[in-house]
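Computed from a predicted model, the values in this text were never measured in an experiment. Side chains are part of it too, since the values below use all heavy atoms of this structure and drop only hydrogens, waters and symmetry mates. For reference, positions follow the sequence shown, starting with 1.
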Amino acid sequence: MSTKMSTFSRLVRLLAILTATLMTGVGHAAYPEAPIKMIVAYAPGGGTDITARLLAQYIQKHLGGSTSIVVINRPGAGGGIGFGELSVAKPDGYTIGFINTPNVLTIPIERKVNFHWQDYDLLGNIVDDPGNFSVHADSPIKNLADLVAYAKANPGAVTYGTTGIGSDDHLAAMAFERAAGVTLTHVPFKGAGEVRSAIASKQIFLAALNIGEALQYQKGGTQIRNLGQMSEQRSNLDQSLPTFKEQGYNVVMASLRGVAAPKGLPTAIREQLVRAVQAAAADPEFQAKAANVFAPLRFLAPAAYAAELKRDEQMFKQLWQTMPWTDK
């Protein structure tokens, strides 16, 4: 081979390598080059929906460029419809969503579905919101003692709304029934916003709402009275409201709300999304706005989030053996 041909061959190989390198760099830098869909498995107006729409603005900010995130509500089946759609979406970084405990853990325990928490690439937990019971502001019920007295005098007459069978609200109400020796009547809805509407219109007697959601609704003018929060200690969201434990009922329940994507994201995209979610959660402006809508933040990085989900899943599997949560 002549020197001229050898030089030409080397130039061709060099050009091919350079082109591949540039194409790889351009492809990586381009993400995201289309709108990202964020699935919320509950109806508009609930705590998850409000937090998702707020957080999306800051994930956009920290992804940079002309990033656009569009929130899509997929309510139904206690969250199962949205969780399922998220799990089977293409793992290309253009579909992310919120997953909620205990629903994402309890639904696969209770019935056959197309999702499991391990079917997601976890991007970070955002919220940890304790449970609470609320009544209409016109109700004569002032505390849990009043509620128990009324429920015992009127078995089954206390209707309570939740975000679905197997939700934290539903499990908490079942635990309260057992602890208090009362019988309540469950009315499931597609999201906390619907529960709010039902208690505001007196369609139900009692609303099982997370304390952050209930305080949001009160601030917005919904006429409700909160009876107690299901945390170990009084939440900073409302130091004046006693816990269930303080009122004699050992009921502790909360809802984690975190961001996830379908399993199998390309490593670079997964890392980019994890960084953006973490930066959004730590953004002082986001934190101030989250406090304004009573979203109790508790960020967990993916590994810590997975560890907590694993522990909680084992707890709910044991609970299912002694207190299955399907409706009566």
Side-chain angles (χ1 to χ4, degrees), residues 42-43 45-47 50 129-255 293-294 296 323 325 327-328:
Y42 299 94
I50 291 169
D129 197 357
N132 155 73
F133 283 168
S134 302
V135 293
H136 194 279
D138 291 343
S139 172
I141 306 299
K142 307 292 185 185
N143 50 43
L144 295 182
D146 289 347
L147 177 62
V148 170
Y150 184 90
K152 286 184 174 179
N154 303 275
V158 175
T159 54
Y160 70 96
T162 75
T163 54
I165 297 170
S167 65
D168 57 317
D169 316 312
H170 184 208
L171 296 180
M174 291 180 67
F176 179 73
E177 284 182 290
R178 175 176 286 193
V182 297
T183 300
L184 311 178
T185 299
H186 185 207
V187 183
F189 292 90
K190 292 181 180 179
E194 292 186 3
V195 178
R196 179 205 64 80
S197 297
I199 193 69
S201 63
K202 301 182 182 179
Q203 179 185 342
I204 53 177
F205 188 95
L206 183 72
L209 292 165
N210 294 98
I211 188 60
E213 293 170 331
L215 293 171
Q216 288 171 23
Y217 298 146
Q218 283 183 313
K219 183 180 179 181
T222 304
Q223 298 298 302
I224 55 175
R225 177 186 303 118
N226 300 324
L227 302 183
Q229 48 191 324
M230 302 173 193
S231 46
E232 292 286 353
Q233 291 86 33
R234 297 188 187 195
S235 166
N236 289 335
L237 294 178
D238 188 353
Q239 286 286 333
S240 69
L241 185 64
T243 66
F244 273 53
K245 277 189 167 185
E246 288 177 85
Q247 298 180 70
Y249 301 98
N250 186 17
V251 178
V252 177
M253 186 65 68
S255 174
V293 295
F294 302 98
M323 194 178 74
W325 48 78
D327 266 346
K328 304 176 183 67

Q: Side-chain contact test, heavy atoms from C-beta onward, threshold under 4.5 Å: evaluate it for L227 versus L206 and give yes or no.
A: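 Contact flag for L227/L206 side chains = yes.
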Q: T163 and Y42: which non-hydrogen atoms are nearest, and at how many Å?
A: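 So the two residues come closest at O-CE2, 4.0 Å.
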Q: Give the minimum heavy-atom separation between E194 and A43, together with the two atoms involved.
A: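 E194 and A43 have their closest heavy atoms at OE2-CB, 4.2 Å.
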Q: Which pair of heavy atoms, one from H136 and one from I199, lies closest together, and at what distance?
A: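 So the two residues come closest at CD2-O, 3.3 Å.
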Q: Report yes if some heavy atom in the side chain of R225 is under 4.5 Å from a heavy atom in the side chain of S139; otherwise report no.
A: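 Yes. Closest side-chain heavy atoms under 4.5 Å.
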Q: How far does CD of Q216 sit from CD1 of I50, to the nearest 0.5 angstrom?
A: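 Reported value, rounded in 0.5 Å steps: 4.0 Å.
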Q: Does the side chain of T183 come within less than 4.5 Å of V158's, by heavy atoms?
A: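 Result no, sub-4.5 Å side-chain heavy-atom pair not found.
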Q: What is the minimum heavy-atom distance between Q229 and L241, and which atoms define it?
A: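 Answer, listing the atom of Q229 first, then L241: NE2-O, 2.7 Å.
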Q: Looking only at heavy atoms, which two atoms of V148 and A180 are closest? And how far apart?
A: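 Taking every non-hydrogen atom into account, CG2-CB, 3.8 Å.
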Q: Taking side chain to side chain contact (heavy atoms under 4.5 Å, CB included) as the criterion, tell me which of Q218, K219, E213 meets it with F294.
A: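 Testing F294 for a side chain to side chain contact (heavy atoms under 4.5 Å, CB included) against Q218, K219, E213 leaves exactly one candidate, K219.
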Q: Restricting to non-hydrogen atoms, name the atom on L209 and the atom on S134 that form the minimum distance, rounded to 0.1 Å.
A: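 Smallest heavy-atom distance, with atoms named: CD1-OG, 4.3 Å.
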Q: So do Q223 and D138 actually touch side chain to side chain, heavy atoms under 4.5 Å?
A: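 No, too far: nothing below the 4.5 Å cut-off.
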Q: Within the side chain of N210, is there an N or O that forms a donor-acceptor pair under 3.5 Å with the backbone of G212?
A: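 No; zero donor-acceptor contacts below 3.5 Å.
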Q: Does any non-hydrogen side-chain atom of I211 lie less than 4.5 Å from one of D129?
A: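 Side chain of D129 against side chain of I211, heavy atoms only: contact under 4.5 Å found.
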Q: To the nearest 0.5 angstrom, please state how far the CG atom of D169 sits from the CG atom of N132.
A: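 CG of N132 is found 9.5 Å from CG of D169.
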Q: Do H186 and I165 come within less than 4.5 Å of each other through their side chains, counting heavy atoms only?
A: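 They are in side-chain contact.
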Q: Nearest 0.5 Å, what's the CH2-CE distance between W325 and M174?
A: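 Spacing of CH2 (W325) from CE (M174) equals 9.0 Å.
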Q: Just by distance, do the side chain of T159 and the backbone of F205 share a donor-acceptor pair under 3.5 Å?
A: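 Yes, T159 side chain to F205 backbone: donor-acceptor pair under 3.5 Å.
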Q: Would you sort out whether M230 and V252 count as a side-chain contact (heavy atoms from CB on, under 4.5 Å), showing the intermediate values?
A: CA-CA 5 Å; M230 302 173 193; V252 177; 5.5 Å; no
Q: Would you confirm whether the ring centroid of F133 sits within less than 6.0 angstrom of the ring centroid of F244?
A: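 Distance test on ring centres: under 6.0 Å, yes.
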Q: Just wondering, do I204 and F189 contact through their side chains at under 4.5 Å, heavy atoms?
A: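 Counting from C-beta outward, F189 and I204 do come under 4.5 Å.
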Q: Please check if the side chain of E177 supplies one atom and the backbone of L184 the other of a donor-acceptor pair under 3.5 Å.
A: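 Checking the backbone N and O of L184 against the side chain of E177, a donor-acceptor pair under 3.5 Å is found.
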Q: Considering only heavy atoms from C-beta outward, does the side chain of T243 approach that of Q233 to under 4.5 Å?
A: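 With C-beta onward as the side chain, the pair stays apart.
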